[in-house]
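Remember, it's 1-based here, ligands and their atoms both numbered in the order they're listed.
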Amino acid sequence: MTVSTVRSQEKTASARHPLAPLTVAEAGTAARVALDASGPGTQLVYVALDEPPKAAVLGWDAAVPSVPPVPPVPRQALCMVYERPRRLPWLVTVTLDEPARVTSAVPAPGAFPLITGEQFIADSEAIKRAPGFIEALARRGLTDMALIQVDAWPAASFGLEVDASGRSLARAVAYALDGPSPNPYARPIENLVVIWDRDTAEIVELQDGDPVPLPTSPGRYDAAGTAPNREVAELRILQPNGPGFTVDDGQLRWGPWQLRVSLHPVEGLVLHEVTYIDGDRARPILFRASMSEMVVPYGSTAMNHWWKNAFDAGECGLGLCASSLELGCDCLGEIVYLDGVQVDGEGAASPLRNAICLHEEDYGIGWKHVDARNRVSETRRSRRMVVSSIATVGNYEYGFFWYFYLDGTIQAEVKLTGIIQTQATRPGERVPYANPVTPELAGPHHQHVFSYRLDVTLDGTDNAVYEVDAVPVPTGPDNPYGNAFTARATLLETELGAQRLAAAEKSRYWKIVNHGVRNAVGEPVAYKLVPAHATAPLLAQPDAAITGRATFGTKHLWVTPFAADERRAAGDFPNQHPGGDGLPRWTAADRPVVDTDIVLWHTVGVTHFCRPEDFPVMPVEYTGFTLKPFGFFDRNPAIDLAPSASASASGSGSGSGSGDGGHCHP
Ligand SMILES: [Cu+2]
């Protein structure tokens with residue numbers, strides 16, 4: 001098992017692809033320039049690459065080096081900064097071409113900035129020093145503040161007087177720790193909520209209800225706390241000749257696949273220009289794919305829980321929360337890591353080591369057939385390229401995984417793990433809208449709702465989408481035996497008509513086509529988007545605040561015409577936003593979405609009714625979707641794979657797996 005890490009490459013700007021990831025030096029320069037141009041008391045929130053216009057990127061790719069020379073695309077960074085004295089967020093664009101300077105600065109009056117990890121910790125610690133909070137804890141017999149953890153959540157927005165106060169708010173809850181290596185979520189301090197002003201560092205409102213006895217069980221999950229620990233047989237994944245892919249300044253090449261990979265502070269893992277090399281044709285499939293937003297709405301009415309509605313992308317930043325990954329733990333095999341960039345509130349930039357993991361996985365059989373007469377077998381292994389990053393957002397972990405297969409399939413998967421939100425309960429008590437997970441704790445019902453933004457470019461930018469349902473045909477002249485069924489395809493023509501729900505009982509899928517490019521059977525080339533049928537849409541009532549703020553979650557599919565500034569499903573500033581921004585606002589125009597440059601927004605998720613097995617740490621839960629070629633290719637694109645070599649089985653089994661070192665046989 002080996003590992004290599006690709007550090008940021010300091011090529012000259014003009015030699016780099018317009019989508020090449022920001023280097024640490026570039027991020028630091030952008031932050032310094034943005035802060036220097038800002039008013040006193042301004043803090044940096046994040047720095048991202050300001051991705052050039054799509055036409056410039058496509059033009060750059062199409063250019064043959066040096067004949068004729070392509071004018072370099074200006075390299076720019078986009079900074080969010082927060083001018084705290086004026087409670088004013090700004091989006092500041094900085095050109096990185098010499099001399100680096102601000103090219104635009106747009107204030108967002110009335111909006112609230114993303115909450116960085118630094119801010120979250122600062123607020124949480126400051127609340128522990130607030131006299132009113134200390135007194136509330138003392139009434140519960142808790143006086144050692146070193147054994148208190150505060151989580152200063154995004155405050156959300158409910159149309160209450162406090163929400164409309166113009167203050168930058170947190171709603172905070174607390175946990176009693178039982179020592180230096182605790183599971184804080186084992187001991188929630190129930191019925192105590194602090195509404196906190198993040199700017200003035202003061203309590204705006206203290207909600208102090210009936211105390212619930214602290215749970216006594218520590219809920220430990222570290223190895224010492226779970227000893228004795230079971231061992232499993234050692235498993236090594238070896239690629240003696242190294243990985244089967246290369247990566248250069250953000251561009252990944254593996255087999256027929258080419259794509260660019262980057263880490264955006266808000267969206268986390270982003271894919272660009274996903275392309276399949278089909279013989280001598282470079283065939284684009286996705287121009288850009290990302291997690292545009294996600295939200296975790298809680299379905300509880302309890303004091304500590306009803307308001308929890310974290311937008312983990314737009315309010316916290318999936319890239320800002322990305323972890324440094326560890327070989328053998330997070331990733332197994334022949335790994336290449338890509339670094340990210342992190343910038344603190346003062347603008348100091350540093351690398352985020354091992355933020356993105358790249359590796360190959362064996363995925364069982366890819367295709368197989370045994371000729372029953374002559375017993376000749378042909379078998380090919382399935383191999384997939386895995387691109388992943390993991391964000392820790394408060395109590396939860398989200399792993400964002402993309403898989404590329406040799407048969408042309410693309411799969412997106414979210415792995416959900418970490419620790420559930422917990423509610424302390426009295427002995428024998430059953431609390432509403434929550435399941436008991438231990439005799440002392442309940443887990444409130446909640447959803448994890450993800451909005452994938454898929455800027456498709458199937459053999460070109462002009463695409464369209466059909467909804468395809470499996471439809472039984474009534475018995476009659478067209479179906480004399482009653483067994484026939486058909487596929488009914490409905491073209492989604494405009495934005496409002498393209499707001500769709502999944503339908504498992506109809507085997508519903510959405511077919512993305514390019515009407516201008518035909519396959520061998522004369523049909524438009526296509527990929528089908530196979531939705532996650534187990535995903536319920538947003539379950540909150542239509543008049544609930546969260547429904548207006550996360551309207552994207554009410555539908556499984558949205559289709560919009562491409563617009564460069566329509567990037568986030570709930571708008572650019574979801575923190576404390578009262579609602580209506582993003583997809584519902586843009587799609588009100590009901591723009592046409594046929595045979596034009598379109599973007600699909602796909603909602604997936606998990607409706608989480610907590611189980612005892614989800615505590616003390618939740619085993620990984622999965623959600624996601626699949627993009628499968630549907631006449632994009634003229635035959636099975638994995639048909640020409642070389643046969644795998646057979647190997648001998650070891651151990652004292654039947655010996656049926658023994659091989660001769662040649663090709664696989666039945
Ligand atoms: Cu959950």
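A cation-pi arrangement is present between Lys415 and Phe401, with the terminal nitrogen or guanidinium carbon under 6.0 Å from the aromatic centre and inside a 45° cone about the axis. Relative to the ring axis of Trp153, Arg171 does not place its NZ or CZ within 45° and under 6.0 Å from the centre. By the 6.0 Å and 45° rule, Lys528 does not stack over the aromatic ring of Trp510.
At a threshold of 4.0 Å, the pair Glu267-Arg453 does not count as salt-bridged, since none of the basic side-chain nitrogens sits closer than that to a carboxylate oxygen.
Shown here are the side chain to side chain contact (heavy atoms under 4.5 Å, CB included) partners of Glu360, two or more places apart in sequence or in another chain: Gln239, Pro243, Phe245, Trp254, Arg383, Met385.
The ring of Phe615 has its center no closer than 6.0 angstrom to the ring center of Tyr185.
Shown are the protein N/O/S atoms under 2.8 Å from the Cu ion (ligand 1), given by residue and atom: Tyr396 OH, His446 NE2, His448 NE2, His608 ND1.
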